[in-house]
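Worksheet for the structure shown next.
Everything quoted here is computed from the prediction, not taken from an experiment. Positions are given from 1 along the sequence.
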Amino acid sequence: MLNEFFNSFDGVSIRETLNHLKIATRDLGDFKPTLTKLFDELKTISSRDSYELFVEIDGSSVSIGNASRDSYDIISAHIEDCYEAESEYEIELKVEKNVVDKTVSVYFIDEFSAYLEDETPNNILTTLSTMFGEQLYFEVFSTIQPFYSNSIVFYQKDYFPDNFTQSEPEIRAKQIEMFSENCHFTSLEMKFLPSDFSLIKRPDTASKIAKYFDGLASVLSVVFISNTSEITNDGKLSYKINGYKMISCDEAEFADISGYGELPHKIYSWAYEGGNKVDKLGLVRNVLSIHLDDKNRIRFDSEAWEAIKSNYQVYLKDNLQSYLEVKNKIGEFIIDSTAKTYGIADQLLESLKNNILVLLTFLLTVVLVNGLKDNGYKMVFSDGYLAIVLILTLVSIVWLVMTLLETNKRFESASATIKDILKLNYQKVIMESEIEDVVNPVISKNRDYLKSQLKRYGIWWSVLLAVFVLSFATGNWYFTKPENKKHNVEISKEVKVAAEPAAKPEQVKKSKNN
């Protein structure tokens with residue numbers, strides 16, 4: 001790799017930035033074979049990047065932009081034509097780094113670290129903002145252990161960390177939105193969060209990059225807490241906080257803010273993550289505006305952190321009555337939701353009862369009265385009545401399916417409406433996550449209850465329909481068998497004779513005389 005090749009020589013000038021790499025040297029030892037080896041090293045440059053190699057010998061220069069055979073021939077011919085034992089030469093390599101798939105190259109990590117330390121934070125953030133799109137991956141062409149925040153990763157070439165977890169876009173968008181609504185940063189359009197530079201996985205050994213990122217996390221945390229802020233071109237932070245008092249701090253040193261350690265980031269995280277974020281940010285500003293040192297500058301220390309937490313407890317107590325009222329309202333909604341769930345189940349049971357009533361009405365009026373009374377019991381199980389039974393059963397099944405689907409739909413719609421109403425009315429008093437923690441288990445329990453009732457009633461309904469159909473089908477099969485038809489006819493005749501009225505005496509006498 002390039003770093004191993006050039007680090008083996010003295011007097012090599014290397015400067016690597018976020019966008020560029022420039023290497024220059026006037027001494028490569030044995031020139032011809034070393035230059036040939038350099039040509040091979042060019043093949044290790046990432047395909048994302050473009051480069052140009054300049055070779056100047058005694059004032060005559062030539063350049064190439066790739067490691068093809070033609071380029072090699074150009075270099076070789078130039079050496080043959082110009083190089084002699086006493087010749088003076090200069091080698092210069094310029095690499096233009098490009099971001100592809102959120103990834104950018106780092107070839108000399110030590111020189112890259114030096115660049116970060118030397119450059120002003122404003123210039124670093126400005127350049128990064130042109131490359132950053134929620135995540136940014138630095139592929140390092142040397143041996144390192146990976147380290148990363150929840151959005152920026154440094155990893156060795158071809159060894160991306162498996163356990164890296166990126167930040168959630170929705171949370172990120174909400175924090176950026178809150179910043180834009182409550183803060184004003186004049187240096188650039190804010191695309192970063194302080195957490196972008198707060199390392200979750202730190203390097204195994206001390207790293208200048210890790211230290212620089214810690215400082216950026218602290219500086220941006222102060223920016224996210226302040227009402228207005230600016231990073232000057234010479235790398236200093238000016239900010240104003242409007243709390244109980246208006247505090248203005250002009251040109252605070254980057255190193256001084258970095259010296260606060262994790263406290264600025266801890267305060268920022270507390271204010272921006274969960275709860276009544278706007279109220280918490282206002283409370284932070286109030287506390288910090290009166291927590292000053294002897295030079296009237298804000299002190300970010302453990303006392304400030306404890307004061308913030310203590311004041312928040314007082315804030316919660318002042319709002320305890322409202323909190324309890326909201327909790328009671330949520331409880332009422334939950335009770336109402338449960339009652340409606342039981343009501344839906346009762347309506348389904350009532351529908352089942354009505355279905356049974358229809359079947360009983362059919363048996364009593366159509367079958368028993370019209371069939372058995374007028375035409376004999378054999379007509380009860382005729383093909384005509386069986387067809388009616390099948391039609392009634394089919395209609396009942398369709399009605400059952402429609403009822404089950406509609407019941408589920410009504411429950412889900414009612415549950416979603418209750419959640420939306422609670423969030424809309426009370427999310428400014430109680431955290432949205434707390435509303436969901438209270439409501440979701442009840443809705444889930446009601447859903448399970450409703451499903452069990454639907455299953456039970458569906459089974460009952462199906463069993464009744466099955467008994468109803470099988471009974472008529474069995475009767476129809478039995479009374480329509482060929483061997484039973486004759487018997488049925490004889491029985492019908494006997495019933496008919498028995499039903500005829502007895503002859504009168506006059507009719508009997510007249511019959512004898514005849």
Return the minimal non-hydrogen interatomic distance between [X] and [Y], and the atom names on each side.
X    : Y    : value
T44  : F141 : O-CE2, 3.6 Å
M131 : N19  : SD-OD1, 3.8 Å
S218 : P264 : O-CB, 3.9 Å
I308 : L283 : O-CD2, 3.5 Å
V153 : P161 : CG1-CG, 3.8 Å
L237 : S229 : CD1-CB, 4.3 Å

Verify the neighbour count for atom [atom1] of [X]: are there more than 12 heavy atoms of other residues, nucleotides or ligands below 6.0 Å?
X    : atom1 : value
Y159 : OH    : no
E189 : CD    : no
E262 : CD    : no
K240 : NZ    : no
D293 : CG    : yes
R202 : CZ    : yes

Give a yes or no answer on whether the side chain of [X] reaches the backbone of [Y] with a donor-acceptor pair at less than 3.5 Å.
X    : Y    : value
S187 : I231 : yes
S289 : I247 : no
H291 : D301 : no
S71  : N66  : yes
D196 : L193 : yes
S13  : I23  : no

Just how far is it from atom [atom1] of [X] to atom [atom2] of [Y], taken to the nearest 0.5 Å?
X    : Y    : atom1 : atom2 : value
I45  : S105 : CD1   : OG    : 9.5 Å
L281 : M178 : CG    : CE    : 4.5 Å
Y51  : I64  : OH    : CD1   : 5.5 Å
F179 : I176 : CZ    : CD1   : 7.5 Å
L288 : W305 : CG    : CH2   : 11.0 Å
L53  : F39  : CG    : CZ    : 8.5 Å

Start with the C-alpha distance between M190 and V223, add both sets of side-chain angles, then the distance that settles side-chain contact (heavy atoms from CB on, under 4.5 Å), and finish with yes or no. CA-CA 10 Å; M190 184 57 69; V223 169; 4.2 Å; yes
Would you tell me whether Y272 and N182 have side-chain atoms, one donor and one acceptor, within less than 3.5 Å of each other?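 Note: Y272 and N182 side chains miss the donor-acceptor criterion.
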E16 bridged to K97 by N-O distance under 4.0 Å: yes
Given side-chain contact (heavy atoms from CB on, under 4.5 Å), test E119 with T17 step by step and report yes or no. CA-CA 9 Å; E119 193 59 82; T17 68; over 6 Å; no
Tell me, do [X] and [Y] make a side-chain contact under 4.5 Å, heavy atoms counted?
X    : Y    : result
L116 : K208 : no
L199 : F154 : no
Y155 : F164 : no
S221 : H265 : yes
S226 : F185 : no
V219 : F254 : yes
F5   : V12  : no
L216 : L125 : yes

Pair K94, H20 - check side-chain contact (heavy atoms from CB on, under 4.5 Å), show working. CA-CA 7 Å; K94 294 182 179 179; H20 306 283; over 6 Å; no
Evaluate the salt bridge (Lys or Arg N to Asp or Glu O under 4.0 Å) criterion for residues E306 and K309: first the C-alpha distance (whole Å), next the side-chain angles of each, then the deciding distance (0.1 Å), finally the verdict. CA-CA 5 Å; E306 293 300 328; K309 292 193 294 183; 3.5 Å; yes
If the test is ring pair (Phe, Tyr, Trp, His ring centres under 6.0 Å), which one of F300, Y260, F224 qualifies with Y268?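 Single pass found, and it is F224.
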Contacts of [X] that satisfy side chain to side chain donor-acceptor pair (under 3.5 Å) - sequence neighbours left out:
X    : value
D158 : none
R285 : none
N227 : none

Mind running side-chain contact (heavy atoms from CB on, under 4.5 Å) on S195 and N150 for me, showing each step along the way? CA-CA 7 Å; S195 56; N150 57 14; 4.0 Å; yes
Pick out which of E90, E56, E92 makes a side chain to side chain donor-acceptor pair (under 3.5 Å) with R26.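 Result for side chain to side chain donor-acceptor pair (under 3.5 Å) with R26: E90.
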In short, side-chain hydrogen bond (donor to acceptor under 3.5 Å, both in side chains) pairs touching residues 129-143 with sequence neighbours left out are R48-E139, K102-Q135
Near-ring test Y148/F138, centroid separation under 6.0 angstrom: no
Results of salt bridge (Lys or Arg N to Asp or Glu O under 4.0 Å) for K280 - residues two or more places apart only: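 Partners of K280 under the salt bridge (Lys or Arg N to Asp or Glu O under 4.0 Å) test: none.
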Tell me, which pairs form a salt bridge (Lys or Arg N to Asp or Glu O under 4.0 Å) where one or both residues lie in residues 216-238, sequence neighbours left out? K236-E253
